[in-house]
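Here is the structure we will look at, set down as structure tokens.
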Amino acid sequence: MMKYCDKCKIKINTNNKYCPLCQQVLEGENTKGLIEKYPEYVSVNRKIYPLTKKVIMFATILSIIILLVINLATLDENPELWSLIPIGSIFYFWIVISFGVLSRENIAFRLVILTFLLIALLILIDELSYVASEVNYLGRWSYDYLMPFLLASCNLAISSIILIKRIDYRDYIIYLLTIVFLSLAPIILVFLDIIVVNWPAMVAFGLAIFILLFIIFFFPKSIKDEIKKRFHA
Amino acid sequence: MNKESSYDTWFRLDNSGKIFPEVSNHRETNVFRVAVTLTEKVDKDLLQLALDAILSRYPMFKVKLKKGMFWSYFDYNSRPFVVEELKHYVCGEINPRKNNGYLFRVMYRNTDVIIEMFHSLADGAGVIMLLKAIIFEYLVLTGKDIKPDNLVPTKYERPSMEEYEDANSKFYDRKNKKHIPEKRAYRIKGTPLSEDLTGLISGTISTKKMLEIARAKDLTVTEYLTALMMYTIYVTQIQYRGHIKSNQAPVKIFVPVNLRKHFPSNTLRNFSNFVKTNMVMAKDDISFEEIITLVKEQFEKGMTKTELIRKMSENVAFEKNVFLRFTPYFLKKYALKIGYNMLGMKLNTMSLTNIGKIDFPESMQPYIYDVTAGVYSGKFNTLNCSIMSYQDRFKITFTRSIVETKIEREFFRHFTNLGVEVEIESNYVEEY
């Protein structure tokens, strides 16, 4: 049985009490077993941050402030901004957790971004902790060893993902290309004399060239398609 | 050339589709829905099977949105599509991350099958084709003896390139693309509903009666309803309040036009434009007749081929602009967003979409009860209206983001006063 609103003169098939148009009480009996046309509203629970997250967040912000205050207060004795090292590491920790672990972005994209940020962080640490007078090693460990090795391992990681997850490899190819091109950076730094120890840069470069040639020879169409897609204007 | 769905499949966004990914969010979702009520309870598993079969026939919908250097694009989606049970949301945001990357949803409840589609992917006409195909396949799976009669695409047909074309750019006329600046439209004000809820009220009347009423005034159904909508807005919101500044802005009803009816194209993607009524209503004595004359005139003017091509070319010219084209995507995003916020949204009071009559082959008709359409309503367009009809059930659906239902009430009372029976459906959002 349909219900009826005497005021609006409309019929409605519902077990609700009121007319949706004028909010008057509807005439008529409830129908047994009637399934309402539209489902009832269920409130979306507001996301409450778990306590652990709150505690870590609180500790993070507190430590950043304390570090900055101590650093600035002792600036006369030690004119270095050493607090940037722990602060940078704390930020990196948060990025690893929220972007690296918890986000649902493409895994290759996450790897590229995390590698890039890690290199930036390590260069920062190296710069801040560099003491010129120390022994006769003139280079920087971050440029000489870490950058090439990190790029090479990222290269290897994404290549292995592609080898393992054959089905969707097209989704990853653009990131592999990005990191392959980034791996050419150490070789440029060798020529600019910023890198002193050459062999790690050579290894990274060799690996990048190997992967690049491998894609070009064995997946030429995917590369072409991917570039066409990504760069259409 | 025919193309099977595969990993090589990818599509550019069509001209109108390009703007939506940048300007959509949980409030302005740019989602619309089309629903079919069957005569029997929907079986979830069979619906899922029907969908799997149909999606391989329609590679255009089996996609995810990806970002490129200059534009985003649709890329083949290898993940499975899952049908869901209808929730209380009406045209809520489609979050690809929670939806396996897909930009549309298929839902079921009791006897209803509902498709909600993100506007980038297709317009009403495209979704109707998809819906028909799904329903046909579903009914076949439930063991019904039905025939497509060339009205419904089946899974046995192969997709044609014509379905993917961006028809807007095919009719682009470089000499006829003048931009005509517009004034900001009147906005229907009200108390916002909480939590991005959308209220839905639909009224069903007899198609025959509706046609009679419109014909009596020598109008098409869309023209009649648009005029009635303007009159209702006038009576409930503006009359005797014309001295208030915000009421002096013109009331503009945005009425989408299916361009497939005016230009030869069978595309499934966006190929629609609009006509707009425009009237400053800050007077105390505007009659319904007066509005009818004006609406008729404005519809005639807006529907001429030159005017439709001008509006189409205006958009395409924007996309073809060399500077914009070669701006990297992450910057272009902001340009589009700012442009749309300044111009797009605020130029309409509301939208009134007439998807029209939907035809099913005779053998399918006993299994279909009626159809419903709906569009999202947001912060500026607080009330929208969509219309769809099947046989003698002419259904007018209002979706609103405000609590007040005054306009709906007066709108339907107009019909009951004429002695037409109106049957209402509501999602009772005001009860919460």
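Here is the naming used below: chain letters follow the sequence lines, and residue numbers restart at 1 for every chain.
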Note: A:Lys228 and B:Trp10 closest approach over all heavy atoms is O-CH2, 4.2 Å
Do B:Glu421 and A:Ile10 make a side-chain contact, defined as non-hydrogen atoms from C-beta onward lying under 4.5 Å apart? no
Between the CD1 atom in A:Ile12 and the CD atom in B:Glu423, the distance rounded to the nearest 0.5 Å is 9.0 Å
Residue set satisfying side-chain hydrogen bond (donor to acceptor under 3.5 Å, both in side chains) with B:Ser206, at least two apart, ordered chain then number -> B:Asp392
Whatever's closer than 4.5 Å to a heavy atom in chain A on B:Thr372 counts as side chain
Check whether any side-chain heavy atom of B:Val422 sits under 4.5 Å from a side-chain heavy atom of A:Lys9, and report yes or no. no
(Q) Around atom CZ of A:Phe91, are there more than 12 heavy atoms from other residues, nucleotides or ligands closer than 6.0 Å? (A) no
For A:His232 and B:Phe70 the tightest heavy-atom approach is O-CB, 3.6 Å
Honestly, the part of A:Ile227 sitting under 4.5 Å from a heavy atom of chain B is neither
Among B:Arg109, B:Glu319, B:Met69, the residue with the most heavy-atom pairs under 4.5 Å to chain A is B:Arg109
**Report entry** Enclosure of A:Phe116 CZ (heavy-atom neighbours >12, cutoff 6.0 Å)
**Finding:** no
Q) Would you find a donor on one side and an acceptor on the other, under 3.5 Å apart, between the side chain of B:Tyr428 and the backbone of A:Thr14? A) no
Under a 4.5 Å heavy-atom criterion, the part of residues 403-415 of chain B in contact with chain A comprises B:Thr405, B:Glu408, B:Arg409, B:Phe412, B:Arg413
To the nearest 0.5 Å, atom CD1 of B:Ile424 lies from atom SG of A:Cys5 at 9.0 Å
When the 4.5 angstrom heavy-atom criterion is applied to B:Lys332 and chain A, the contacting part is neither
**Prompt:** Do A:Glu40 and B:His88 pass the side-chain contact (heavy atoms from CB on, under 4.5 Å) test, and can you show the C-alpha distance, the side-chain angles, and the key distance before you say yes or no?
**Reply:** CA-CA 6 Å; A:Glu40 208 174 301; B:His88 69 268; over 6 Å; no
With a sphere of 6.0 Å drawn around CD of A:Glu27, does it hold more than 12 non-hydrogen atoms of other residues, nucleotides or ligands?
yes
The interface call for A:Lys7 against chain B, heavy-atom contacts under 4.5 Å, is both
Applying side-chain hydrogen bond (donor to acceptor under 3.5 Å, both in side chains), run through B:Thr37 and A:Lys37 and close with a yes or a no.
-> CA-CA 10 Å; B:Thr37 307; A:Lys37 174 95 176 165; 3.0 Å; yes
Minimal heavy-atom distance between A:Pro20 and B:Ile201, with the atoms involved, is O-CD1, 3.9 Å
dist A:Phe231:CZ -> B:Trp71:CH2 (nearest 0.5 Å) comes out at 16.0 Å
B:Arg79 meets the salt bridge (Lys or Arg N to Asp or Glu O under 4.0 Å) criterion, sequence neighbours left out, with none
If one checks every heavy atom of B:Leu200 against chain A at 4.5 Å, the contacting part turns out to be side chain
ask   = Are more than 12 heavy atoms from other residues, nucleotides or ligands located less than 6.0 Å from atom CZ of A:Phe210?
value = no
Correct closest heavy-atom pair for A:Tyr38 and B:Ser426 would be CD1-O, 3.7 Å
The complete set of salt bridge (Lys or Arg N to Asp or Glu O under 4.0 Å) pairs with one or both residues in residues 99-108 of chain A, sequence neighbours excluded, reads A:Glu105-B:Arg97
- Query: Do side-chain atoms of A:Arg230 reach the backbone of B:Ser72 as a donor and acceptor pair under 3.5 angstrom?
  - Reply: no
One should read off an interatomic distance between B:Asp75 CG and A:Lys229 NZ, to the nearest 0.5 angstrom, of 3.5 Å
